[in-house]
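Throughout, numbering of the chain's residues begins at 1 and tracks the sequence. Atoms considered below: every heavy atom in the structure, side chains included; atoms not considered: hydrogens, waters and symmetry mates.
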Amino acid sequence: MRAWVVRAGRDGERERAALDEGVVLAGWLEVPDLSGAASREDVKAAVETAYPDESPYTLGNWTGQLHRFRHEIQVGDLMVLPSRSGLVAIGHVDGEYEYQPDREDDFPHVRRVKWRIKDAQRERFRPDLLDSMGSLLTVFELSRFGAAERIAGIADGGTDPGRPGADEFAATLTEPAKLFEEVRRRSVDDPLTLSVRDLLGVWNAQGRYATAVRIGRRPAIASSWQSCV
């Protein structure tokens, strides 16, 4: 089981529909029905046709998000919806991808969700989970530090136990930009010390394979490897 976030709009404009209708919604109005898109390449072709003037970076970003929405999110997965009010809804994906072109809100790409809790207080989540929900993407996975199991526990009425043995500060470094800023902020006499696991976790790397080693060789953080425990 995996855990996902599908945002309800920059200003929360789709929150009410999502909670009342039991759905999560994705825009990209110009992208047609993806029911027949059997692969990422099919999704990519649809996005490129719909937005011929966008940059390769933007097209790749949108393709990735729509591919997740269409293919990677599975029935039974956890869905998390942070609201502008500060509350968090948690449910289970309850249906395959649907295309509803006649929706008045112009968000035709739909996944059905059975909400289990609609008003979880933010205090029930540890800082690393809350920070992970802060991505600017519309569709993304919560995958670090056992997020799915922790979210399931909250949906069952408990509180977030955090990652066993976690370095609480390291858990707040949820993206490379935060790590770089922390390194710049510190002096030579106050170096940042992280475990190898936590350092790789900033990039959501799961092991010391070739890509992870290349991350560690980047000049901005190379010194961090030397102080890892």
Side-chain angles (χ1 to χ4, degrees), residues 1-120 122 129 132-143 147-148 151-152 154-155:
M1 179 176 58
R2 300 164 75 176
W4 304 89
V5 173
V6 176
R7 294 201 171 283
R10 185 184 303 273
D11 299 310
E13 61 269 21
R14 302 192 300 279
E15 287 177 13
R16 195 71 270 151
L19 296 175
D20 289 349
E21 298 179 34
V23 294
V24 286
L25 306 166
W28 292 285
L29 179 62
E30 289 80 1
V31 175
D33 187 359
L34 294 174
S35 298
S39 67
R40 184 187 180 96
E41 288 304 310
D42 293 338
V43 175
K44 179 181 179 182
V47 172
E48 289 177 345
T49 299
Y51 302 101
D53 297 326
E54 293 293 341
S55 70
Y57 173 83
T58 297
L59 293 171
N61 182 303
W62 291 352
T63 294
Q65 293 187 70
L66 281 169
H67 177 72
R68 292 180 207 117
F69 194 87
R70 168 65 181 89
H71 284 291
E72 293 190 26
I73 296 175
Q74 300 293 310
V75 173
D77 281 353
L78 287 161
M79 184 60 66
V80 179
L81 179 66
S83 74
R84 297 287 291 180
S85 68
L87 300 177
V88 179
I90 304 172
H92 286 282
V93 178
D94 199 35
E96 302 290 348
Y97 167 85
E98 297 179 28
Y99 182 68
Q100 298 180 4
D102 297 327
R103 292 188 63 90
E104 294 182 359
D105 53 22
D106 290 337
F107 286 84
H109 307 285
V110 179
R111 297 298 298 261
R112 296 191 180 276
V113 177
K114 184 175 182 179
W115 297 112
R116 296 183 57 188
I117 182 172
K118 297 182 179 180
D119 56 357
R122 293 174 65 87
L129 266 186
S132 295
M133 294 177 198
S135 171
L136 296 178
L137 298 175
T138 298
V139 183
F140 59 95
E141 184 178 7
L142 298 173
S143 59
I151 291 166
I154 294 171

Task: Evaluation steps, side chain to side chain contact (heavy atoms under 4.5 Å, CB included), between E21 and R103 - done: CA-CA 12 Å; E21 298 179 34; R103 292 188 63 90; 3.0 Å; yes

Open item on the list: Can you confirm if the aromatic rings of H109 and Y99 lie within a centre distance of less than 6.0 Å?
Closed with: yes

Task: D77 side, atom CG; E72 side, atom CD - distance, nearest 0.5 Å - done: 10.0 Å

Open item on the list: Quick check: closest heavy atoms across G27 and P108, and the distance to 0.1 Å?
Closed with: O-CD, 3.7 Å

Task: Min side-chain heavy-atom separation L66-V31 under 4.5 Å - done: yes

- [ ] Decide side chain to side chain contact (heavy atoms under 4.5 Å, CB included) for T138 and W28; before the verdict, give the C-alpha distance in whole Å, the side-chain angles of both, and the deciding distance to 0.1 Å.
- [x] CA-CA 11 Å; T138 298; W28 292 285; 4.1 Å; yes

TODO: Nearest 0.5 Å please: distance from the CG atom of D119 over to the CD1 atom of I117.
DONE: 5.5 Å

TODO: Kindly compute the distance separating CH2 (W115) from CG (L19), expressed to the nearest 0.5 Å.
DONE: 6.0 Å

- [ ] State, to 0.1 Å, how close I90 and A155 come at their nearest heavy-atom pair, and which atoms those are.
- [x] CG2-CB, 3.8 Å

Task: Exercise: identify the closest heavy-atom pair between V75 and G95 - done: CG2-C, 3.7 Å

- [ ] Side-chain contact test, heavy atoms from C-beta onward, threshold under 4.5 Å: evaluate it for V80 versus M133 and give yes or no.
- [x] yes

Open item on the list: Side chains of R111 and V23, heavy atoms from C-beta outward: is any pair under 4.5 Å?
Closed with: no

Open item on the list: So, using salt bridge (charged side-chain N to carboxylate O under 4.0 Å, His left out) as the criterion, who are the partners of D53 when residues are at least two apart?
Closed with: none

Task: Heavy-atom check, side chain of L34 versus side chain of F69, under 4.5 Å - done: no

Open item on the list: I'd like to know if the side chain of H71 reaches the main chain of A37, judged simply by a donor and an acceptor atom lying under 3.5 Å from each other, with no hydrogens or angles considered.
Closed with: yes

- [ ] Can you measure from CZ (R40) to CZ (R70) and round to the nearest 0.5 angstrom?
- [x] 14.5 Å

Open item on the list: Between R112 and E98, does any side-chain N to carboxylate O distance fall below 4.0 Å?
Closed with: yes

Open item on the list: Test your reading of the model: is there a side-chain donor-acceptor pair from N61 to the backbone of Y57, 3.5 Å cut-off?
Closed with: no

TODO: State whether the number of non-hydrogen atoms from other residues, nucleotides or ligands found under 6.0 Å of K118 atom NZ is greater than 12.
DONE: yes

Task: Residues that A8 engages under side chain to side chain contact (heavy atoms under 4.5 Å, CB included), provided they are two or more places apart - done: R14, E15, L81

Task: Approximate separation, where rounding is to 0.5 Å, of W62 CH2 and Y51 OH - done: 5.5 Å

- [ ] Return the minimal non-hydrogen interatomic distance between S85 and S83, and the atom names on each side.
- [x] OG-OG, 2.7 Å

Open item on the list: With heavy-atom distances below 4.5 Å as the criterion, would you say the side chains of D33 and P101 are in contact?
Closed with: no

Task: Member of V5, I151, I73 meeting the side chain to side chain contact (heavy atoms under 4.5 Å, CB included) criterion with M79 - done: I73

TODO: Could you check if a side-chain atom of H67 sits within less than 4.5 angstrom of a side-chain atom of S39, using non-hydrogen atoms only?
DONE: no

- [ ] Verify, without hydrogens or angle tests, whether T63 (side chain) and L59 (backbone) share a donor-acceptor contact under 3.5 angstrom.
- [x] yes

Open item on the list: Does R116 form a side chain to side chain contact (heavy atoms under 4.5 Å, CB included) with H92? I'd like the steps, not just the answer.
Closed with: CA-CA 7 Å; R116 296 183 57 188; H92 286 282; 3.2 Å; yes

Task: Option from L137, V47, V6 for which side chain to side chain contact (heavy atoms under 4.5 Å, CB included) with Q65 holds - done: L137

- [ ] Taking the six-membered ring for Trp and the full ring for Phe, Tyr or His, determine whether the centres of W4 and F140 are under 6.0 Å apart.
- [x] no

Open item on the list: Between the side chains of E13 and R84, is the shortest nitrogen-to-carboxylate-oxygen separation below 4.0 Å, so that they form an ion pair?
Closed with: no

TODO: Drop me the distance from E141's CD to R2's CZ, to the nearest 0.5 angstrom.
DONE: 4.0 Å

Task: For A17 against L25, the heavy-atom pair lying closest together - done: CB-CD1, 4.4 Å

